A.B. asks: 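What follows is a structure written as structure tokens; I'll ask about it next.
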Amino acid sequence: MLKYQFPKDFVWGVAAGSYQVEGAWNEDGKGESIWDRFVHSPGNIKDGTTGDVSCDFYHRYKEDISMMKKLGYPSFLLTISWPRVIPDGTGDINRSGIDFYRRLLTCLRENGIKSYVVLYHWDLPQKLQERGGWLNREIVAWFENYAKRMYAELGDLVDNWITILEPWVISMLGYWRGIHAPGYRDYSAALLAAHHLNLAHGVAVRAFRASRLTGEIGIKLNLDMIYPADQNNPEDVAAGRRCNAEHNLLFCDPIMKGEYPEEYFELLKTKGIVLPEIKPGDMELMHPEIDFFGLNNYSATYVKAGGDWPLEYSLVQNGRPQTQCGWECNPEGFYEIIKWVNDTYHPKKIIVTENGCASNDWVDDDNTVDDSIRLIYLKRYLQAAHRAITEGIPLKGYFVWSLWDNFEWAEGLTIRFGLVHIDYQTLKRTPKASAYWYAGVIKANGFEV
Ligand code: FCB
């Protein structure tokens, strides 16, 4: 028995997302996505790079899956690129796109690796953006149609499904902060997008149940524990409540309880924000039962009063060690958010669908990568996960973000999250020390210190 021994049926895996790793952005009939458009517009990406090639997973998937198998990673969480399979978003299927995913999923099966397939990780077909994207309510029907076709085309090869990935990022960073595609800066629009995302999740789960496919389905939400910068300052405490409502409740409440956070919506009304029109039946539609609650978490958020309209809060650092992208290593916050999800919503089970550490790694002369910071980070977070399990929380799985270094959205190729190093000149893959450490954890189903 190891000090941190995990339950027998615990799911271990690694995660990645279509746009960030596939490359082949305009090959074999793939349509343009909003991210293709965004990265090709100057000034949007920190280092001016794109995901045009990135890890070139599209062409190198066999090599990568064989590496996963060698390392003994039992599950892989990946995304279908909507414009690769339906270039215009609605209408004709691109057979080459479907063939790619069929070959990839078959290869995973042949290697004994279980798949968790995400329907949407931000790369909306540009053609749908031109019809209003997430601001057009018709997107709920477009998404339902896409989901149904994927269930029919790929369902026999997929083990588990995930509807939507991080609706907070899609709506708040894409429609309010403007730092992600499509680059809008309008709070009312962000709320409308959020409403449509919640609905799209609901219809996709219902369509899955109707398909009678086996396997499980869930959603992936990026949640953070939100703490007031100063517990004793009532204004910071109130700012924390506002931030929590926007970051966590706006999605968890409708999806898990079929309601929107009232206090937050009331506040927004007083700020002149246009609330999304909620049609009869909407709230019901958003909360079909899910099989697992996918939680993405990297850090915790500290908030003080004062900041930009409409919520007037700002983020502060808390003095903990920071990873390469400036996120603090905060395993206590990780434990607390898992517990909060469980205590508040009582999901059947929780799976940590993303957790990981960015660090500035390089390959040494002897072809090794000493990423000890990532290793320590992962260890601390897994200790926190273990604590949750020993307290009886149904935490059933954990996925590291990410298998490889990859295209990190607005940060381009400057940030490295991989267990495996990528040389972007040669595309050579080199497993880092953390990749081997994680392989050992999986093999022993736990670790000692
Ligand atoms: C998450 C995203 C993922 C990656 C990690 C670091 O928010 O889902 O694509 O960017 O952060």
Side-chain angles (χ1 to χ4, degrees), residues 13-23 33-35 38-39 44-47 49-51 54-55 57 76-82 116-124 162-177 179-181 194 197 201 218-225 246-248 251 293-301 315 322-330 333-334 337 351-361 371 373-374 377-378 381 398-420 422 434:
V14 286
S18 49
Y19 184 74
Q20 294 176 279
V21 300
E22 284 179 3
S33 79
I34 56 172
W35 270 92
F38 195 68
V39 300
N44 286 333
I45 308 301
K46 194 169 172 184
D47 57 354
T49 56
T50 69
S54 186
C55 308
F57 181 57
F76 184 44
L77 196 156
L78 67 153
T79 323
I80 300 169
S81 158
W82 187 350
Y116 282 74
V117 173
V118 180
L119 285 167
Y120 188 73
H121 193 158
W122 314 351
D123 47 356
L124 187 75
I162 293 173
T163 54
I164 295 197
L165 187 145
E166 301 189 349
W168 178 85
V169 173
I170 301 166
S171 51
M172 291 297 161
L173 299 189
Y175 288 86
W176 164 230
R177 299 288 173 194
I179 57 172
H180 277 195
L197 284 156
H201 158 76
I219 188 167
K220 252 176 118 177
L221 299 177
N222 61 305
L223 307 182
D224 262 15
M225 211 56 207
E246 179 198 274
H247 197 97
N248 297 329
F251 304 97
F293 186 106
L295 171 66
N296 291 1
N297 177 266
Y298 292 84
S299 191
T301 295
L315 307 183
Q322 288 174 23
T323 64
Q324 189 199 12
C325 57
W327 298 348
E328 291 188 357
C329 174
N330 195 326
F334 179 56
I337 195 72
I351 295 182
V352 173
T353 37
E354 272 184 38
N355 171 245
C357 169
S359 80
N360 186 15
D361 314 310
D371 60 336
I373 287 182
R374 176 170 298 102
Y377 176 102
L378 294 178
Y381 273 70
Y398 174 90
F399 286 79
V400 172
W401 182 272
S402 173
L403 176 61
W404 331 253
D405 296 332
N406 58 56
F407 183 79
E408 182 50 34
W409 309 111
E411 303 293 320
L413 296 176
T414 61
I415 299 285
R416 294 185 178 271
F417 264 101
L419 295 172
V420 175
I422 299 271
S434 61

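Whatever order the structure lists ligands and atoms in, that order sets their numbers, starting from 1. Values below: every heavy atom of this structure, side chains too, minus hydrogens, waters and symmetry copies. This one's a predicted model, so the numbers in the text were calculated from it and none came from an experiment.
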A.B. asks: Could you tell me whether W122 and ligand 1 have an N or O pair separated by under 3.5 Å?
C.D. replies: no
A.B. asks: Judging by distance only, is a nitrogen or oxygen of W409 under 3.5 angstrom from one on ligand 1?
C.D. replies: yes
A.B. asks: Give a yes or no on whether a salt bridge exists between D361 and R374, defined as a side-chain N under 4.0 angstrom from a carboxylate O.
C.D. replies: yes
A.B. asks: What is the closest protein heavy atom to atom 5 (C) of ligand 1, and at what distance does it sit?
C.D. replies: Y298 OH, 3.3 Å
A.B. asks: Go through ligand 1 atom by atom and flag the ones less than 4.0 Å from a non-hydrogen atom of E408.
C.D. replies: 4 (C), 6 (C), 10 (O)
A.B. asks: Report, in ascending order of atom number, the atoms of ligand 1 lying under 4.0 Å from any heavy atom of L165.
C.D. replies: 8 (O)
A.B. asks: I want to know if ligand 1 touches Q20 in the polar sense, i.e. an N/O pair below 3.5 angstrom.
C.D. replies: yes
A.B. asks: Is the backbone N or O of W327 less than 3.5 Å from a side-chain atom of S299, with the two atoms forming a donor-acceptor pair by type?
C.D. replies: no
A.B. asks: Hey, mind stepping through S359 and D371 against side chain to side chain donor-acceptor pair (under 3.5 Å) and telling me if it holds?
C.D. replies: CA-CA 7 Å; S359 80; D371 60 336; 5.4 Å; no
A.B. asks: In this structure, does ligand 1 have an atom that sits under 4.0 Å from one of the heavy atoms of K220?
C.D. replies: no
A.B. asks: Is there a donor-acceptor contact under 3.5 Å from the side chain of D405 to the main chain of I422?
C.D. replies: yes
A.B. asks: Identify the closest protein heavy atom to atom 8 (O) of ligand 1: which residue and atom is it, and at what distance?
C.D. replies: E354 OE2, 3.0 Å
A.B. asks: Describe, in one word, how the ring planes of W168 and H247 are oriented to each other, choosing from parallel (under 30°), tilted (30 to 60°) and perpendicular (over 60°).
C.D. replies: tilted
A.B. asks: Using a strict cut-off of 4.0 Å, indicate which atoms of ligand 1 neighbour a heavy atom of H121.
C.D. replies: 3 (C), 8 (O), 9 (O)
A.B. asks: Tell me whether the centres of the aromatic rings in W409 and H121 are closer together than 6.0 Å.
C.D. replies: yes
A.B. asks: Ligand 1 and E166, any nitrogen or oxygen pair closer than 3.5 angstrom?
C.D. replies: yes
A.B. asks: Is the backbone N or O of A15 less than 3.5 Å from a side-chain atom of S402, with the two atoms forming a donor-acceptor pair by type?
C.D. replies: yes
